[in-house]
Amino acid sequence: MEQGKQGVMVAKFMPNQNPIEQLQLRFKELENGFKSWLSKQSLAVEAVVVTGTSAAQGAAIGAFMGTLTNDVSSSLPTPPPQASLNPQAMASLQQAQALSGGPLVQARNFAVMTGVNAGISCVLKRLRGKEDVQSSMVAAFGSGAMFSLVSGVGGPNQAANAITSGLFFALVQGGLFQLGQKFSQPPAEDIYYARTRTMLNNLGLQNYEKNFKKGLLTDSTLPLLTDSALRDVKIPPGPRLLILDHIQRDPELRERRGIRG
């Protein structure tokens with residue numbers, strides 16, 4: 001009975017979750033479940049699935065981009081068959097047409113580019129056991145080369161232009177990967193709120209993490225928390241009760257509180 005009352009209290013004091021946040025959490029659960037299933041499959045199956053899903057996503061993006069550039073492609077001149085343009089001019093025209101094609105053309109181009117990139121990345125990650133800048137650049141080289149061949153960018157010398165495009169993609173991807181690694185590092189202060197974050201997530205009160213940080217209520221202060229301390233950082237009464245009850249029930253925190261007391 002007491003446990004049932006506590007459940008009612010938790011439901012009563014927990015803030016209403018945003019429907020968008022609930023949808024995001026549900027999508028995250030599905031995504032994690034799919035990744036877990038995929039990791040148990042063979043390399044061939046994983047590579048095919050990853051390449052196919054990424055190609056489908058790229059095709060959707062390309063089709064959308066194609067609708068925006070469709071007007072541009074229709075305004076480009078189309079030389080008659082008997083027209084004799086010099087090779088450089090013809091190559092420039094082909095590049096413009098490839099980059100400003102309609103929805104179907106762009107869907108094909110983006111599908112190849114994203115599918116090849118994801119497929120190579122998947123294979124290298126499984127073989128090497130990690131995802132680093134080298135794997136990222138190799139995948140980008142493959143996608144750039146295939147994009148050049150499929151889209152016709154670069155003119156008649158397709159092999160040389162495929163290599164050039166691949167190198168360009170690889171350099172860009174390598175730079176973006178390094179920037180992403182640099183800016184994705186968690187702030188140094190986050191290490192002091194690891195246990196606090198876990199506690200708030202378990203209670204469904206993750207929205208109040210910023211309140212803890214604003215008041216410098218780190219993991220080391222958890223055994224010392226009082227109602228007035230939580231009130232000072234503007235945490236409402238209901239969540240305060242849940243937090244204090246959690247601390248009281250946690251054996252380690254209760255022991256540390258007793259020692260300090």
Side-chain angles (χ1 to χ4, degrees), residues 23-69 91 94-95 97-186:
L23 185 61
Q24 290 175 339
L25 290 175
R26 180 58 180 165
F27 177 79
K28 194 67 176 178
E29 291 176 358
L30 293 174
E31 183 182 15
N32 291 336
F34 175 74
K35 288 181 178 179
S36 176
W37 170 84
L38 196 59
S39 64
K40 300 174 184 178
Q41 308 306 310
S42 65
L43 174 59
V45 172
E46 183 180 7
V48 170
V49 172
V50 170
T51 301
T53 53
S54 298
Q57 294 174 358
I61 296 174
F64 174 74
M65 295 292 293
T67 59
L68 301 179
T69 60
Q94 289 176 346
Q95 289 181 10
Q97 289 175 337
L99 295 175
S100 61
L104 293 179
V105 172
Q106 294 298 343
R108 177 202 62 191
N109 294 346
F110 275 77
V112 170
M113 184 169 56
T114 57
V116 171
N117 190 301
I120 296 177
S121 297
C122 170
V123 172
L124 291 177
K125 183 177 181 180
R126 179 73 77 93
L127 294 177
R128 303 180 67 214
K130 60 181 179 179
E131 186 176 0
D132 54 14
V133 65
Q134 288 84 3
S135 297
S136 179
M137 291 181 70
V138 170
F141 177 86
S143 65
M146 287 302 299
F147 173 79
S148 176
L149 293 174
V150 171
S151 64
V153 174
N157 195 351
Q158 293 186 351
N161 287 291
I163 294 175
T164 303
S165 298
L167 290 174
F168 175 75
F169 274 57
L171 291 175
V172 172
Q173 182 68 16
L176 292 176
F177 186 92
Q178 295 287 49
L179 286 176
Q181 288 289 98
K182 180 179 179 180
F183 289 105
S184 65
Q185 296 296 329

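Every heavy atom of this structure was used, including side-chain atoms; hydrogens, water molecules and symmetry mates were not. This one's a predicted model, so the numbers in the text were calculated from it and none came from an experiment. This chain uses plain numbering: 1 for the first residue, then up along the sequence.
A heavy-atom distance below 4.5 Å is found between the side chains of Thr67 and Phe64.
Residue Leu104 places its CG atom among 12 or fewer non-hydrogen atoms of other residues, nucleotides or ligands, all under 6.0 Å distant. By the neighbour-count criterion of 12 heavy atoms within 6.0 Å, atom CZ of Phe34 is densely surrounded, having more than that number from other residues, nucleotides or ligands.
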Task: Trace of the side chain to side chain contact (heavy atoms under 4.5 Å, CB included) decision for Val112 with Phe147 - done: CA-CA 6 Å; Val112 170; Phe147 173 79; 5.5 Å; no

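Among residue pairs with one or both ends in residues 168-180, none qualify as salt bridge (Lys or Arg N to Asp or Glu O under 4.0 Å); sequence neighbours excluded. The salt bridge (Lys or Arg N to Asp or Glu O under 4.0 Å) contacts involving residues 133-152 comprise nothing, where partners must be two or more places apart or lie in separate chains. Applying the salt bridge (Lys or Arg N to Asp or Glu O under 4.0 Å) test to every pair with at least one member in residues 162-180, sequence neighbours left out, gives no pairs at all.
For Lys40, there are no salt bridge (charged side-chain N to carboxylate O under 4.0 Å, His left out) partners, not counting sequence neighbours. For Glu29, the salt bridge (charged side-chain N to carboxylate O under 4.0 Å, His left out) partners at least two apart in sequence or on another chain are Arg26. In this view, Val48 satisfies the side chain to side chain contact (heavy atoms under 4.5 Å, CB included) rule with no residue, not counting sequence neighbours.
Nearest heavy-atom pair, Gln134 versus Arg128, reported as atom, atom and distance to 0.1 Å: CB-NH1, 4.1 Å. Heavy-atom minimum distance, Ser121 versus Ala139: OG-CB, 3.1 Å. In plain terms, the two heavy atoms of Phe177 and Val133 that are nearest each other are CE2-N, 3.4 Å. Nearest heavy-atom pair across Ala47 and Val123 is CB-CG2, 3.9 Å. For the pair Gln173 and Ser136, the tightest heavy-atom approach, listed with the atom from each and the gap, is CG-OG, 2.9 Å. Nearest approach of Ser143 to Phe169, heavy atoms of both residues: OG-CD2, 3.9 Å.
Between the Ser39 side chain and the Ser36 main chain, a donor and an acceptor come within less than 3.5 Å of each other. In this structure, Gln41 contributes its side chain and Trp37 its backbone to a donor-acceptor pair below 3.5 Å. In this structure a side-chain-to-backbone donor-acceptor pair under 3.5 Å is missing from Asn117 to Met113. Side-chain atoms of Thr164 come within 3.5 Å of backbone N or O of Ala160 as a donor-acceptor pair. Put simply, the side chain of Ser54 never gets that close to the backbone of Thr51: no donor and acceptor are under 3.5 Å apart.
At a cut-off of 3.5 Å, with distance as the only test, a side-chain donor of Ser135 or Asp132 sits close to an acceptor on the other residue.
Ile61 CD1 to Gln106 CD: the interatomic distance, rounded to the nearest 0.5 Å, is 12.0 Å. Rounded to the nearest 0.5 Å, atoms CG (Leu149) and CD (Gln158) are 6.0 Å apart. Atom-to-atom distance recorded for Leu124:CG and Met137:CE is 13.0 Å, nearest 0.5 angstrom. A distance of 12.0 Å separates OG of Ser165 from CE of Met146, quoted to the nearest 0.5 Å.
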